[in-house]
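In what follows, every heavy atom counts, from backbone to side chain, and hydrogens, waters and symmetry copies are set aside.
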Amino acid sequence: MALNLDSPQSLNRETRLGSITGYAGTFQDLTKKGCAGCLSNKKRCFATPSTCSHVHSINQLAAIDDVAVIDHAPLGCSGSIIYYTVGHNKRRSDHFDGKKRLAVVVSSNMKESDTIFGGTEKLRETILAVHKRHKPKAIYVVSSCVSSIIGDDIYSVTQDASLELGIPVGFASGEGIRSKIWSSGFDAYCHAVSRTLLDAPLEKNNTVNYIAFTKINRENLDPFMHRLGLDVIYLTGGATIEDYKSASRSLASFGQCGSQSSYLAGALEQMFGVKYFQSHLPFGGVGFERFYRDLARYLGKLDIAETVILEEREFYADELAILREKLKGKKAFVALGASYAFEYVRMLHELGMEASHVVAYHYDPHLDNVSDEPVAAAADAIEIGYDFSVSVNDAQESETYLLMKRHPADIFISRSHAGGLWAAKTGIPTMEADIGLDIIGYRGLVSFGKGIVSKLSNTNFTLNLGKRYKSPFTEEFESRNPYFFEDDA
Amino acid sequence: MMNSVCAEQHRIGCALGGFYTALAMNGVLPILHCGPGCQEQVQNVLALINGGQNAHPFQEMFLPCTSFSESDVVFGGTDRLRKTVSIALESYKAEMMLIVSGCTPAIVGDDVAEVAESFCDAKIPVRCAELPGFAGNNLLGHSRVLRAILGTCERETSEVTPRMVNVFGIVPFYDPFWDGTLENFGSLLRAIGLEPNILYGRGNGYRNVKKVPRAEFNIVASPWIDLDVTVELQERFGTPVFHYPMIPVGPTESSRFLRELTAFSNLDSNHVEQYISDMEDRYYYYVNRSLSWIHECRNMSKEFIVISGASSALSFTRFLINDLGLIPEKIYIAENVPSNYHEIIRGYFEDVAYDGPVEVVFTDDGGLAAAEMRDMNLSGKPIILGSSWDDALAQNLGLPYIPISAPLGDYPIGSKNYFGYEGGLSLFCEYCAACDKA
């Protein structure tokens, strides 16, 4: 479905892409049904917390330099922002002036009376106060469950404020209730910046856009792009408004994953013809080769790509052989986001390992590319042809816990959302997976493999935890069907 | 009270954050009736970035949650809630369940109390606390949760367990040092002959809730938190209240606390005086052993700024003034303290061995201090006591800093605390190190 960039609001993933958060089956079945348009979502009769789109629209917008974000919500709805502030400060040390940056996220602090009388006047005051205190180059207002249910016309307030203040004042529809898929919050951010920061290009540059959380470790990507004569525009945390304005002049875009990057890359392709590469992500050796060839072919530089690929293969061949020997036959349980869950399975496969079970936090049968190229998981299903046990849950730790017991593994590979916590408690070694620039190419594959080898070399920490584990759940729970789908109950 | 239209740098969670008070009690399982992401907003500011904490054994991401969504706005969420409670009762080893509900069910008018009541025949109590974020912060939530849980306890006999005291005034998780503080608080009470009944932390929990009515008296160690709860307990069970306005930090306050408590509870004052004398002697033994380091060309901060909740601001301010001899530059109380307590709390801040002014600002804007300090004409190099937000501010301004309040920082703190004589010593050392580093 084409993006409707004329509307003030982005459509959520369920409606736009047919994305789901409930599924149990196999990789081949999931991807085939996705491509055929017959993938249906399973609803749950019991759930545990996950995260919501709201915070993900806020944290992405707040990571742009000189931007202030206003959360039109009760005070608590942006409580998480300290998490992103400390994380951001850790990550930007390599390319900043040494000063710590405090994310500017201001709450309109809606109270009970605002839910009755409306909060637009308060929002107007907050916008003016933020402008006075922080003097930002752009302001984004993010809606919340409360401000959207009571029907505040936030968009009109932002339009008026933009005229009054003479800076972009954008609107991001980030209310949690609009989508079951937290990545819809990334879409709300992309929609807001697409409508306020993108400019029609006067000319094209030899640049490629990389859309992601962070540009740390850019040295893993830049040389490959330089070989193709490209510079990278990093549309990541720490990007400037000027970076966004120059994005339309790029020849192509790609992103860290379909979840975070698809909407903006899709908008750039749809509005300005910037080719969006998403079928092959550059992670691990195989992923890199396919992605790099796709991009080089598009630029008419396939010969350069083949040379680089041979160099890379050769450089890491010995290390990889040793790793494969050490890791042969080992199993990993993987619980990761919609793209990385499957990127990591392919990388495990390259290391001679296999997945005991894979949990993807959601699944997108399509992304926002203009072409009809399949999503990366579907491309792998066709090109590599392997199959494994898969379920889709939005970080439902109760489900993942039960699945983990039924699909034993040597290591549990996850990232955030407390997935690894229950593995560690019950005695399984864990690994917090890197994403993005850390795992590009053969270098990334080798670093991942070395990480597993070292994790498995001394497992005392989790072993000791496991010995002392006392389940806080009943026998009935421990032995039940791991899925809480409505029609199974 | 400065009611700001620019509320930023969150140092407090919304009312829903009260569920952490339930999670601090073994055996109590909160059931969340709210959106799928509400828990995370609270978790980051009150737990994860607040000293790397998580709840145990019921970790936050494993709590039952209705994940209130758009269809629930239209049809109401009570059916889903009922189903969630039934499955939770079958699945979790709990002694009590507490439904906590957020903004969206409150706006659409879900009758959460009715759902809780419909489980009156369940094997364990199922109660509820309505905690919409627009109604207030996690301190309001704490009060509602604690009252709902204490609502389940009944006095089986009219007998009082001699010397047993309930300990109130600490908000678990929000006070990042809660766990270690309570362990040491308990030890101190035991050392002077009392038997502490503590609700939160390892080995405590719902079983101690049941003992609450039998206490000889209740201790409230905070300027205002839990006074409502203990007044209610006094009405229900006739339990007297010993109110001390803060957690004692350092020798001056610890000794004062012990003397007032002794007078209140008719403890053996000779024994307590001996204890005080020994502890003060120990504190000054260690301070004396650091004096040459201080007098090795160090220029220690003389002024200080505090940005925190009222309870810890008071504990740390009194220690810095009374024991370390520092001068308060400004105290920002960045939690929404009810206005009827403002003057009383100001009085507590002025009750110190220092004649100069103690400027106290009550605000709900966590960013006020940073905004003011940009333009403030700072005398010397004041040390900042605050949260992770102020860590960045202090680094940018080149000022010394000690983390004391939520969100404390992005690292696990284990049992760390600043309680009592030993706590004062820890803080003294950290003050020295922070000043030297800046």
Side-chain angles (χ1 to χ4, degrees), chain A residues 45-55 74-83 85-87 89 99-102 104-107 109-112 114-115 122 125-126 129-130 133 145-146 149-150 176-178 180 182 394-395 397-398 401 417-418 421-422 470 472-474 476-477 484, chain B residues 5-10 12-17 32 35-42 44-45 48-49 54 57-70 73 83-84 87 90-93 103-104 107-108 133-135 137 364 367 370-371 388-389 391-393 395-396 407 409-410:
Chain A
C45 60
F46 178 79
T48 47
S50 59
T51 170
C52 75
S53 51
H54 186 66
V55 67
L75 191 64
C77 296
S78 38
S80 260
I81 204 63
I82 185 64
Y83 175 89
T85 291
V86 295
N89 276 327
K99 290 277 181 192
K100 297 286 171 182
R101 182 178 180 273
L102 297 161
V104 179
V105 176
V106 181
S107 173
N109 201 355
M110 294 181 82
K111 300 280 170 70
E112 193 144 23
D114 300 311
T115 68
K122 199 171 200 175
E125 286 173 20
T126 304
V130 166
R133 182 184 279 185
C145 294
V146 171
I149 293 177
I150 66 168
I177 46 164
R178 282 190 72 232
K180 289 272 194 192
W182 70 70
D394 51 338
E397 293 314 332
S398 49
Y401 171 84
H417 308 295
L421 177 142
W422 291 94
K470 286 186 209 133
F473 313 111
T474 60
E476 191 175 346
F477 174 82
F484 289 92
Chain B
V5 288
C6 199
E8 60 177 317
Q9 294 191 10
H10 302 57
I12 197 150
C14 72
L16 189 73
L32 310 179
C38 300
Q39 180 277 131
E40 184 191 23
Q41 299 306 317
V42 173
N44 279 321
V45 70
L48 197 58
I49 310 299
N54 64 254
F58 297 133
Q59 194 267 344
E60 296 89 323
M61 285 289 279
F62 220 119
L63 299 178
C65 175
T66 55
S67 296
F68 201 94
S69 70
E70 201 149 34
V73 175
K83 181 82 188 159
T84 301
I87 295 180
E90 292 163 8
S91 307
Y92 295 74
K93 287 182 199 157
C103 295
T104 39
I107 294 178
V108 305
F134 55 71
N137 61 30
D364 57 1
S388 196
W389 289 108
D391 184 7
L393 174 74
Q395 285 187 50
N396 287 347
D410 189 20

Discussion item. Looking only at heavy atoms and a cut-off of under 4.5 Å, which of Ile150(A), Thr126(A), Val104(A) has the most pairs with chain B?
Written reply: Thr126(A)
Fill in: Heavy-atom pair of closest approach, residues Ile177(A) and Phe68(B)
CG2-O, 4.0 Å
Worksheet entry | Any Cys145(A) side-chain heavy atom under 4.5 Å of Cys103(B) side chain | no
Worksheet item: When you look at Trp422(A) and Met61(B), which way does the side-chain contact (heavy atoms from CB on, under 4.5 Å) test go after all the steps?
Response: CA-CA 10 Å; Trp422(A) 291 94; Met61(B) 285 289 279; 5.7 Å; no
Worksheet, complete the sentence: Distance col, row Asn137(B):CG vs Asn109(A):CG, nearest 0.5 angstrom, shows 10.0 Å
Worksheet item: At their closest point, which heavy atom of Asn54(B) faces which heavy atom of Leu421(A), and how far apart are they?
Response: OD1-CD1, 4.1 Å
Practice prompt. Could you tell me which of Met110(A), Arg133(A), Glu125(A) has the largest number of non-hydrogen atom pairs under 4.5 Å with chain B?
Written response: Arg133(A)
Practice prompt. Name the region of Gln39(B), side chain, backbone, both or neither, that has any atom closer than 4.5 Å to a heavy atom of chain A.
Written response: side chain
Fill in: Portion of Ser78(A) that has a non-hydrogen atom of chain B nearer than 4.5 angstrom
both
Discussion item. Just so I know, are the side chains of Val130(A) and Cys6(B) near enough to count as touching, which here means a heavy-atom distance under 4.5 Å?
Written reply: yes
Worksheet entry | Part of Lys470(A) lying under 4.5 Å from any heavy atom of chain B | neither
Item to complete: With the side chain counted from C-beta on, respond yes when Leu75(A) and Ile12(B) share a heavy-atom pair under 4.5 Å apart, and no when they do not.
Response: yes
Item to complete: Answer whether the closest heavy-atom distance between the side chains of Ser398(A) and Phe62(B) falls below 4.5 Å.
Response: yes
Practice prompt. Taking the side chain as every heavy atom from C-beta outward, state whether Ser80(A) and Gln41(B) have any pair of such atoms under 4.5 Å apart.
Written response: yes
Worksheet, complete the sentence: In terms of heavy-atom contacts, Ile82(A) and Pro407(B) come closest through CG1-CG, 3.6 Å
Practice prompt. Write down the atom of Ala392(B), the atom of Leu102(A), and the distance for their closest heavy-atom approach.
Written response: CB-CD2, 3.5 Å
Fill in: Phe58(B) portion near chain A, given a 4.5 angstrom heavy-atom threshold
side chain
Worksheet item: How about Ser107(A) and His10(B): does a side-chain donor come under 3.5 Å of a side-chain acceptor?
Response: no
Discussion item. Phe134(B) vs Asp114(A), test: side-chain contact (heavy atoms from CB on, under 4.5 Å). Steps then yes/no.
Written reply: CA-CA 9 Å; Phe134(B) 55 71; Asp114(A) 300 311; over 6 Å; no
Practice prompt. Let me know if Val42(B) has heavy atoms under 4.5 Å from chain A in its side chain, its backbone, both or neither.
Written response: neither
Worksheet item: chain B: which of Pro49(A), Ala129(A), Gly76(A) shares the most heavy-atom pairs with it under 4.5 Å?
Response: Pro49(A)
Worksheet item: Closest approach of Thr51(A) and Glu40(B), non-hydrogen atoms and distance?
Response: OG1-OE1, 2.5 Å
Fill in: Ile87(B)/Phe484(A) under side-chain contact (heavy atoms from CB on, under 4.5 Å): CA gap, chis, key distance, verdict
CA-CA 10 Å; Ile87(B) 295 180; Phe484(A) 289 92; 4.1 Å; yes
Worksheet item: Which heavy atom of Glu112(A) sits nearest a heavy atom of Ala135(B), and at what distance?
Response: OE1-CB, 4.3 Å
Worksheet item: In terms of ring plane angle, is the pair Tyr92(B) and Phe46(A) parallel, tilted or perpendicular, where the classes change at 30° and 60°?
Response: tilted
